[in-house]
Amino acid sequence: RLLQILGKKQWKLLMVTSTLAGEGKTTTACNLALTLARKGYEVLLVDDEEIFLEYMQQAIDWPAYDCRICASHTNGLKALEYIITNRPDIVFLDINIPNMDGIEVCEKIRAAGLDTSIVITTAHDEFSFAYKAIKMDIVDYMLKPFTTQELEDVLQKVLKRLPSKDFSFHSSETAKP
């Protein structure tokens, strides 16, 4: 599968990198190669309401923003497991979700040292939630229901904070000084 994603030149580069990295470093080299090979931003949606997940998936043209929905989850524990394992770039996270609320998910993401861009979505207009979220360096706090335009505006704000995902590999034959 990795060969299909990377192509032959990138696969050779990965093998050289893995060999140079030495034993025990192959996984790190593979993860780096996969991260560099993927284009665009991965977005995780977390909400306990399926209808709201569907709305977010369909409300905007994610590829037009160089994004793709990598997954969606309806509970905090599954979302956290996914985030730790797959490290999406952006997470839209409801506060009131089962098994682990959104604030606790944020705390655990930050405790793990991840710099995932988090947008809190909630139907509760309570300052205490917003205050806790701000302390965890979230990008924005959206009050539901929100419009497509509001979603697009927040996504653009998030994207301005992220580094470009336009990585490509160049062999020494085609690289130009």
Side-chain angles (χ1 to χ4, degrees), residues 5 28-49 52-97 100-170:
I5 294 170
T28 302
C30 287
N31 286 341
L32 176 62
L34 279 172
T35 299
L36 293 176
R38 77 175 186 197
K39 296 208 185 259
Y41 302 95
E42 292 190 346
V43 179
L44 172 66
L45 305 177
V46 185
D47 200 292
D48 60 331
E49 297 179 48
F52 192 73
L53 289 174
E54 288 177 31
Y55 166 73
M56 288 194 59
Q57 289 173 4
Q58 298 171 8
I60 62 174
D61 180 12
W62 293 95
Y65 292 95
D66 200 21
C67 294
R68 79 175 183 87
I69 306 296
C70 57
S72 62
H73 288 283
T74 56
N75 80 68
L77 188 57
K78 293 237 185 243
L80 180 62
E81 290 170 0
Y82 184 89
I83 293 163
I84 298 295
T85 303
N86 297 288
R87 300 180 182 225
D89 303 295
I90 305 165
V91 176
F92 284 85
L93 179 64
D94 188 16
I95 288 179
N96 291 320
I97 49 178
M100 183 183 299
D101 69 45
I103 296 294
E104 190 176 353
V105 172
C106 285
E107 289 170 347
K108 295 197 181 290
I109 290 169
R110 295 303 181 233
L114 301 179
D115 62 352
T116 305
S117 294
I118 302 169
V119 175
I120 293 292
T121 61
T122 186
H124 300 281
D125 189 12
E126 294 182 31
F127 179 73
S128 62
F129 287 138
Y131 180 76
K132 287 177 185 175
I134 290 167
K135 290 286 190 184
M136 288 175 279
D137 192 32
I138 63 138
V139 178
D140 214 325
Y141 186 92
M142 299 183 72
L143 198 57
K144 295 192 274 185
F146 46 80
T147 67
T148 300
Q149 186 61 54
E150 290 170 322
L151 180 58
E152 288 177 336
D153 291 347
V154 168
L155 180 59
Q156 289 175 353
K157 179 179 177 180
V158 172
L159 294 174
K160 286 179 184 175
R161 291 179 45 154
L162 292 173
S164 172
K165 284 283 187 167
D166 237 1
F167 297 109
S168 61
F169 291 95
H170 298 282

Enquirer: Is the count of non-hydrogen atoms from other residues, nucleotides or ligands lying under 6.0 Å from D153 atom CG greater than 12?
Expert: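 Counting other residues, nucleotides and ligands, CG of D153 exceeds 12 neighbours.
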Enquirer: Counting N and O atoms only, with roles assigned by atom type, does the side chain of Y41 sit under 3.5 Å from a partner on the main chain of P88, one being a donor and the other an acceptor?
Expert: no
Enquirer: Should I118 and I109 count as side-chain neighbours, where that means a heavy-atom distance under 4.5 Å?
Expert: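 The answer is yes; the side chains approach within 4.5 Å.
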Enquirer: State, yes or no, whether a side-chain contact exists between V46 and L53 at a heavy-atom distance under 4.5 Å.
Expert: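 No. Closest side-chain heavy atoms not under 4.5 Å.
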Enquirer: Hey, could you give me the CE/CD distance between M100 and E81, rounded to the nearest 0.5 Å?
Expert: 8.0 Å
Enquirer: Should R68 and V43 be marked as a side chain to side chain contact (heavy atoms under 4.5 Å, CB included) after you check the CA-CA gap, both sets of side-chain angles, and the distance that decides it?
Expert: CA-CA 6 Å; R68 79 175 183 87; V43 179; over 6 Å; no
Enquirer: Report yes if the side chains of L155 and E152 come closer than 4.5 Å at any heavy-atom pair, otherwise no.
Expert: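 Contact flag for L155/E152 side chains = no.
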Enquirer: Checking side-chain contact (heavy atoms from CB on, under 4.5 Å) between L162 and each of D66, I90, V139, which is the one that passes?
Expert: I90
Enquirer: Taking side chain as C-beta onward, heavy atoms only, is T122 less than 4.5 Å from Y141?
Expert: yes
Enquirer: Please confirm whether the backbone N or O of E42 pairs with a side-chain atom of D89, one donor and one acceptor, at under 3.5 Å?
Expert: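 Present.
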Enquirer: Are any of the side-chain heavy atoms of E49 and Y55 separated by less than 4.5 Å?
Expert: no
Enquirer: Enter the distance from C67:SG to L159:CG here, rounded to the nearest 0.5 Å.
Expert: 4.5 Å
Enquirer: Nearest 0.5 angstrom please: T148 OG1 to D61 CG, how far?
Expert: 12.0 Å
Enquirer: Enter the distance from K108:NZ to L77:CG here, rounded to the nearest 0.5 Å.
Expert: 9.5 Å
Enquirer: Please round to the nearest 0.5 Å and tell me the distance separating atom CE of M56 and atom CH2 of W62.
Expert: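 Separation between the atoms: 5.0 Å.
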Enquirer: So, do N86 and C70 sit near enough that their side-chain heavy atoms are less than 4.5 Å apart?
Expert: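 Result no, sub-4.5 Å side-chain heavy-atom pair not found.
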Enquirer: Is there side-chain contact between I103 and V105, with heavy atoms separated by less than 4.5 Å?
Expert: no
Enquirer: Could you tell me the separation between the CD1 atom of I83 and the CG atom of L114, rounded to the nearest 0.5 Å?
Expert: 8.0 Å
Enquirer: Is there a donor-acceptor pair closer than 3.5 Å between any side-chain N or O of D94 and the backbone N or O of I97?
Expert: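 Side chain of D94 to backbone of I97, a donor-acceptor pair under 3.5 Å: no, none is there.
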Enquirer: Less than 6.0 angstrom separating the ring centers of F146 and F52, yes or no?
Expert: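 F146 vs F52: aromatic centres under 6.0 Å.
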Enquirer: Can you say whether the rings of Y82 and H73 are parallel (under 30°), tilted (30 to 60°) or perpendicular (over 60°)?
Expert: tilted
Enquirer: Ignoring hydrogens and angles, tell me if any N or O in the side chain of E150 forms a donor-acceptor pair with the backbone of T147 under 3.5 Å.
Expert: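 Answer holds: yes.
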Enquirer: Which atoms form the tightest heavy-atom contact between C106 and L93, and what is the distance?
Expert: SG-CD2, 3.6 Å
Enquirer: Taking the side chain as every heavy atom from C-beta outward, state whether Q57 and S72 have any atom pair closer than 4.5 Å.
Expert: yes
Enquirer: Strictly below 4.0 Å, N to O, side chains only: are K144 and D47 in salt-bridge contact?
Expert: yes
